[in-house]
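One-based numbering, in listed order, for ligands and for the atoms of each.
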Amino acid sequence: MPQVRVLADNLVNKIAAGEVVERPASVVKELLENSLDAGARRLSVEVESGGKRLIRVSDDGCGMNSDDALLAFERHATSKLRGPDDLLAIATLGFRGEALPSIASVARVVLETRPSERNVGTRIEINGGKMMAVKETGCAPGTQITIRSLFYNVPARRKFLRTDTTELGHIASLVTHYALAHPECHFVLKSGSHVILDAASVSTLQDRVYQVLGRTALDDLIDIGRGTAPLPVFRSDTWFQPEAQASEPAGEITAQGFVSRPQVQKASSNGIYIFINRRLVRDRILLNAIREAYRHVLPPRAYPVVLLFLEISHREVDVNVHPQKTEVRFRHQGFVHDFVQQAIRQALVAARPVARFAGAGVGSAQEQRRAPSPPPSVPEALALETEAAPAEAFELEPARLPPRAERLPFAGPAVQVAPNSAAPAAATAKALPTAIELADLRVLGQLNNSFIIAANESGLWLIDQHVAHERVLFEGHLRARRTGRVEGQRLLTPVLVELTPGQQVLWERIRQELEENGFELDSFGPRTVAVKVAPAGIAAGAIEKLLREIFDNVEKETRQVSLQALQQQIAASVACHAAIKVNMPLGEKKMLWLLAELAQAENPATCPHGRPIVLHYGMRDILRAFKRI
Ligand code: ADP
Ligand code: MG
């Protein structure tokens, strides 16, 4: 029988580390929070290899004397809580005393710290949770923690880390957002010798947004201003502290921040950042409030960009509900939800002609829920409710069917699908006959979540949804490029892509053309580029791959690439990455939309890489196979 044993402390720490320390960015988060709690005004983060090799956070905060510095690495050692009552009103970002021991148990750590009123500082070295050395040292006032070789002793965790650039991306996004939440502090982020962020102290949130995200990003955002509401008087039926006195004065809630204009449509909620009392959280209730505010403004599976900063009395929010402190509970949950929803909704309505929202007023959450059908004046593209479609890269557009006479008859080259001699004669897929209008098709369904099954008088059709959409996007992109510049979408946080030296050289050559194609890239030092703007429809997660593909393809071409060939390459790659994927369920509306778009393509027969898009089973073949003729 297995014996029940108390786990060794060291092991317990590693388990706790699994909760607190998931990846390099979570280390950076804990260390930044410590620095902010220490009253720092200047915070600097240096990383190497996406934080896997090195993370160093330096601050000019209050520092620690040597006793405190030693204690800080004990589990549940914290200066921020005294008794259980303190838990009811946590005013600091940290409070559990778990971060430092957890981090120290899975890395090599050096802490150097000095309170400004002391002459000497303390240097502590810990490897994998083992104290290696403690000594006095001369150092600047404040604290500097250096974390090397993260997870060196936990291979299972190390294996799950992503590429350096991906991990660096997470860190950059995190530091950027902490910088947004603390405009009064100076934040610096460096990767190796490249300065990724250097945001000097400013006095307003607006200044900080401008400083960190830039003018163009600001143009896509609506400032929701600063709204305050008194919280309702305490009701004893809420979850929180049931014995609390009903006479307690009601607090206030304040919201400020930025929300994106309706034309900004993101494929995921990654652009939504919510801060409660300047703590970055992921809160279901507030995410829901945001979704409600955008109902009928964005298609159901598109997400806005939101930077929301809530201030609320510390007693009104419980932050002690999640290991990473990213979830919270509100004492007045429903009230906070409705307050946030209305603040955003009002900002959206004020930023657009009211007529477009006729019927979808600034109602409460309940009213919104009771109004399921979109108001008639909402633009169709925004109002379409669609069926299950994964969020990626599919921007909903209404089917723009021209009057019949204007529709382009199918005139692509006949694609011969080699008849397989071994296959039964029945239903051999044949080339597309010309002059068949795809827009005439009735959608019968979807096969394998990948192919649209359709029919018309001439027979049965199978359409590969990915290559069909690819073709549509390819032509659209190329057309846009040939008539000018392709519009890109600014990313909330740049995506970093590391280039080989060869690609670095190539980049100089094709940079201009990339920019004309909806990219904006900046040098990030000798090896890395930061993608700040990318063609619309490309999910943030696909940008790195897309760019690599473009470089690879151009590199493969020996010597000179003509401008025209380059443009085609780029358009083909962009189309491929933005197109609907296979294995993606599509609703009927979307299938019809896609067929209508395809029917208008110049060449609906083959994808940009030459694969067939459409297979046709002619009526005659079908009849013959059934021995009816
Ligand atoms: P917590 O933040 O939950 O208290 P940590 O393990 O993160 O727990 O930190 C333990 C203690 O170490 C903190 O309570 C604080 O007193 C001290 N500490 C950590 N980082 C710093 C820092 N950068 N400056 C000053 N004190 C710090
Ligand atoms: Mg902490």
Side-chain angles (χ1 to χ4, degrees), residues 9 12-22 25-46 55-84 86-87 89-107 109-118 121-126 129 131 134 137 139-147 150 174-175 178 181-182 185-188 277-281 314 318-326 328:
D9 270 4
V12 173
N13 277 346
K14 280 186 193 170
I15 294 170
E19 292 174 1
V20 178
V21 187
E22 204 185 332
S26 30
V27 173
V28 175
K29 174 174 185 282
E30 293 294 338
L31 298 182
L32 282 182
E33 290 191 346
N34 279 348
S35 297
L36 290 164
D37 282 344
R41 297 302 292 255
R42 187 175 197 286
L43 300 91
S44 144
V45 182
E46 281 171 71
I55 297 171
R56 175 177 291 137
V57 175
S58 320
D59 69 49
D60 61 353
C62 65
M64 287 175 267
N65 63 33
S66 65
D67 287 352
D68 283 351
L70 278 168
L71 253 184
F73 287 99
E74 295 290 325
R75 217 136 123 69
H76 304 302
T78 177
S79 58
K80 302 168 195 175
L81 285 185
R82 287 285 169 255
D86 293 347
L87 266 180
I90 294 169
T92 47
L93 294 166
F95 52 86
R96 291 206 189 107
E98 273 176 345
L100 290 186
S102 298
I103 295 167
S105 70
V106 293
V109 176
V110 173
L111 168 80
E112 289 176 290
T113 184
R114 170 160 85 89
S116 59
E117 65 277 11
R118 305 219 167 187
T122 307
R123 181 181 190 280
I124 296 177
E125 197 179 329
I126 299 185
M131 191 71 71
V134 183
T137 187
C139 60
T143 301
Q144 171 169 299
I145 300 196
T146 308
I147 314 290
L150 184 62
L174 186 102
V175 178
Y178 269 87
H182 300 270
C185 296
H186 184 166
F187 280 82
V188 177
N277 296 335
R278 309 223 255 173
R279 174 196 307 281
L280 180 57
V281 299
H314 295 297
D318 184 3
V319 292
N320 189 23
V321 293
H322 186 262
Q324 291 167 1
K325 299 167 288 177
T326 52
V328 293

Colleague: Number the atoms of ligand 1 from 1 as they appear, then name those within less than 4.0 Å of a heavy atom of Ala99, with their elements.
Modeller: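 In order of numbering, the contacting atoms are 6 (O), 7 (O).
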Colleague: Going by heavy-atom distance to atom 20 (N) of ligand 1, choose the closest among Asn34, Leu36, Leu43.
Modeller: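 Result: the heavy atom closest to atom 20 (N) of ligand 1 is in Asn34.
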Colleague: Please enumerate all residues that pass side chain to side chain contact (heavy atoms under 4.5 Å, CB included) together with Thr137, with sequence neighbours excluded.
Modeller: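 By the side chain to side chain contact (heavy atoms under 4.5 Å, CB included) rule, Thr137 matches Glu112, Arg123, Cys139.
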Colleague: Check Met64 against Thr113 and note the closest heavy-atom contact, atom names and distance.
Modeller: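 Smallest heavy-atom distance, with atoms named: N-OG1, 2.8 Å.
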Colleague: Closest heavy-atom contact between Ala104 and Ile126?
Modeller: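 Answer, listing the atom of Ala104 first, then Ile126: CB-CG2, 3.9 Å.
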Colleague: Which atom pairs, donor and acceptor, lie under 3.5 Å between side-chain atoms of residues 55-62 and protein residues at least two apart or in another chain?
Modeller:
unit_1: Arg56; atom_1: NE; unit_2: Thr146; atom_2: OG1; d: 3.0
unit_1: Ser58; atom_1: OG; unit_2: Gln144; atom_2: OE1; d: 3.1
unit_1: Asp59; atom_1: OD1; unit_2: Gly61; atom_2: N; d: 2.8
unit_1: Asp59; atom_1: OD1; unit_2: Thr143; atom_2: N; d: 3.1
unit_1: Asp59; atom_1: OD2; unit_2: Ser35; atom_2: OG; d: 2.7
unit_1: Asp60; atom_1: OD1; unit_2: Arg41; atom_2: N; d: 2.7
unit_1: Asp60; atom_1: OD1; unit_2: Arg42; atom_2: N; d: 3.0
unit_1: Asp60; atom_1: OD2; unit_2: Arg42; atom_2: N; d: 3.4

Colleague: Using every non-hydrogen atom in the two residues, find where Cys185 and Ala40 come nearest and quote the distance to one decimal.
Modeller: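 That closest heavy-atom pairing would be SG-O, 3.5 Å.
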Colleague: Under 4.0 Å, counting heavy atoms only: does Met64 come that close to any atom of ligand 1?
Modeller: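 Distance cut 4.0 Å: Met64 passes for ligand 1.
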Colleague: Which of the numbered atoms in ligand 1 are under 4.0 angstrom from any heavy atom belonging to Thr78?
Modeller: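 In order of numbering, the contacting atoms are 1 (P), 4 (O), 14 (O).
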Colleague: At under 4.0 Å between heavy atoms, is it the side chain or the backbone of Ile145 that contacts ligand 1, or both, or neither?
Modeller: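 It is neither; nothing of Ile145 touches ligand 1.
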Colleague: Provide the closest heavy-atom pair for Met131 versus Ile124 in the form atom of the first, atom of the second, distance.
Modeller: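 Closest approach of Met131 to Ile124: SD-CG2, 3.5 Å.
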Colleague: Suppose I only count heavy atoms of Pro101 and a 4.0 Å limit; which atoms of ligand 1 are within that range?
Modeller: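 Selected atoms, number and element: 6 (O).
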Colleague: Is the distance between the Mg ion (ligand 2) and the nearest N/O/S atom of Thr78 smaller than 2.8 Å?
Modeller: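 Of the N, O and S atoms in Thr78, none lies under 2.8 Å from the Mg ion (ligand 2), which means no.
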Colleague: For ligand 1 and Leu100, I'd like to know whether there is a polar contact (N/O to N/O, distance under 3.5 Å).
Modeller: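 Yes; at least one N/O pair falls below 3.5 Å.
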Colleague: How close do Phe187 and Tyr178 get, heavy atom to heavy atom, and via which atoms?
Modeller: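 Where Phe187 meets Tyr178 most closely, the heavy atoms are CZ-O, 3.7 Å.
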Colleague: Polar-atom distance check: Glu30 versus ligand 1, any N or O pair below 3.5 Å?
Modeller: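 By distance alone, the answer is no.
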